[in-house]
Amino acid sequence: SDLTTGSLPTKKRLNERFIEVQKMHLTALAIGINEQENWILVVEDDAVPLDIAFEKIHDILNTLPAVNTFISLSAGAGLRRTKSEKLIRKLSIFRVKPAATRCVVANLISIDLARKIVASARLEGVPNWLPIDVYYQVLLRRFNSKAYWTEPVFFEQGSETGQYASELEQIRK
């Protein structure tokens, strides 16, 4: 609900599994930065690519400048495109203002933005009460980043659709 309203959650420490998801995302960014590519693709363990996913990602990589940009490749929180958000049909993306995330099951992050996120996490720490989706959203706004969502989505969350459970879901059981 915090994603849909743009609100911050209450400052209550997250369950350990959510803190682990924060660490996994930030570790993925740190590894991606070392690869010295323009974009970093981060995909959670239960992400299911749709048939169009990699063709569309390829189009984005070859068309969109990798400058201070975050692209949510999956759905989440019931968030959809509004009439005022113009779809870039060739890329199947639209810009979201103010910058916002959906569930971060799969996303593309420009390397310059990834560097800012990782530096902020190292210098200031990561709030143990902010889920990674909301943490990213706060930083996107702080860094005046460009945020895009895809339509249609490129990835589904397998643990939500019932296609399979994530590794974290298996551990919890």
Side-chain angles (χ1 to χ4, degrees), residues 1-35 39-50 53 57 68-81 96-111 113-173:
S1 68
D2 297 318
L3 280 178
T4 59
T5 63
S7 303
L8 291 177
T10 57
K11 292 184 179 182
K12 180 181 171 198
R13 181 177 168 81
L14 295 170
N15 179 298
E16 209 52 45
R17 65 188 173 94
F18 290 108
I19 301 229
E20 188 64 24
V21 171
Q22 284 179 338
K23 291 176 187 175
M24 288 188 283
H25 274 268
L26 295 170
T27 299
L29 290 183
I31 291 168
I33 290 167
N34 288 335
E35 296 297 318
W39 291 97
I40 300 169
L41 173 63
V42 179
V43 181
E44 289 187 354
D45 66 333
D46 65 333
V48 179
L50 301 179
I57 290 170
N68 198 29
T69 302
F70 183 99
I71 305 173
S72 290
L73 303 173
S74 56
L79 298 168
R80 306 228 183 276
R81 182 170 66 98
V96 182
K97 292 182 184 179
T101 64
R102 286 175 164 167
C103 293
V104 291
V105 174
N107 51 71
L108 274 173
I109 302 174
S110 62
I111 192 168
L113 178 56
R115 285 185 180 120
K116 291 178 197 176
I117 292 169
V118 170
S120 178
R122 287 184 178 148
L123 291 172
E124 301 165 359
V126 180
N128 65 8
W129 52 274
L130 279 181
I132 191 66
D133 314 76
V134 181
Y135 178 63
Y136 279 161
Q137 189 160 282
V138 168
L139 292 180
L140 292 177
R141 292 176 187 185
R142 176 178 171 194
F143 300 140
N144 198 29
S145 302
K146 291 176 248 164
Y148 295 88
W149 296 351
T150 58
E151 186 176 287
V153 298
F154 300 176
F155 289 82
E156 291 180 339
Q157 188 167 12
S159 59
E160 281 188 4
T161 63
Q163 290 172 280
Y164 61 84
S166 74
E167 184 65 28
L168 288 175
E169 290 295 318
Q170 294 297 333
I171 291 169
R172 228 176 40 197
K173 292 177 183 176

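Given the structure is predicted, the values throughout are model-derived calculations rather than measurements.
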Which pair of non-hydrogen atoms, one from [X] and one from [Y], has the smallest distance, and what is that distance?
X      : Y      : result
Ala114 : Leu29  : CB-CD2, 4.1 Å
Cys103 : Ala75  : CB-O, 3.7 Å
Gln137 : Ala99  : CG-O, 3.9 Å
Pro127 : Gln22  : O-NE2, 3.1 Å
Val104 : Ile132 : CG2-CG2, 3.7 Å
Ala47  : Phe155 : CB-CD2, 4.0 Å

Find out whether [X] and [Y] are in side-chain contact, i.e. whether some heavy atom of one side chain is under 4.5 Å from a heavy atom of the other.
X      : Y      : result
Ile117 : Phe143 : yes
Ile57  : Leu41  : yes
Trp129 : Lys12  : no
Arg122 : Leu26  : no
Asn15  : Phe18  : yes
Val126 : Tyr135 : yes
Ser145 : Thr69  : no

Taking side-chain contact (heavy atoms from CB on, under 4.5 Å) as the criterion, tell me which of Val105, Leu50, Val48 meets it with Ser74.
Val105
Sequence neighbours left out, what passes salt bridge (charged side-chain N to carboxylate O under 4.0 Å, His left out) with Glu16? Give chain and number order.
Arg13
Side chains of Asn107 and Ser72: is there a donor and an acceptor less than 3.5 Å apart?
no
Just verifying a value: how many Å separate [X] [atom1] and [Y] [atom2], rounded to the nearest 0.5 Å?
X      : Y      : atom1 : atom2 : answer
Ile71  : Phe154 : CD1   : CZ    : 8.0 Å
Arg115 : Ile33  : CZ    : CD1   : 6.5 Å
Leu113 : Ile40  : CG    : CD1   : 9.0 Å
Thr101 : Leu139 : OG1   : CG    : 10.5 Å

If you measure from the Lys or Arg side-chain nitrogens to the Asp or Glu carboxylate oxygens, is any gap between Arg102 and Glu151 under 4.0 Å?
no
So does Lys116 get a backbone contact from the side chain of Ser120, meaning a donor-acceptor N/O pair under 3.5 Å?
no
Tyr136: ring-ring contact (aromatic ring centres under 6.0 Å, His included) partners, not counting sequence neighbours:
His25, Phe70
Excluding sequence neighbours, so at least two apart, what forms side-chain hydrogen bond (donor to acceptor under 3.5 Å, both in side chains) with Lys146?
none
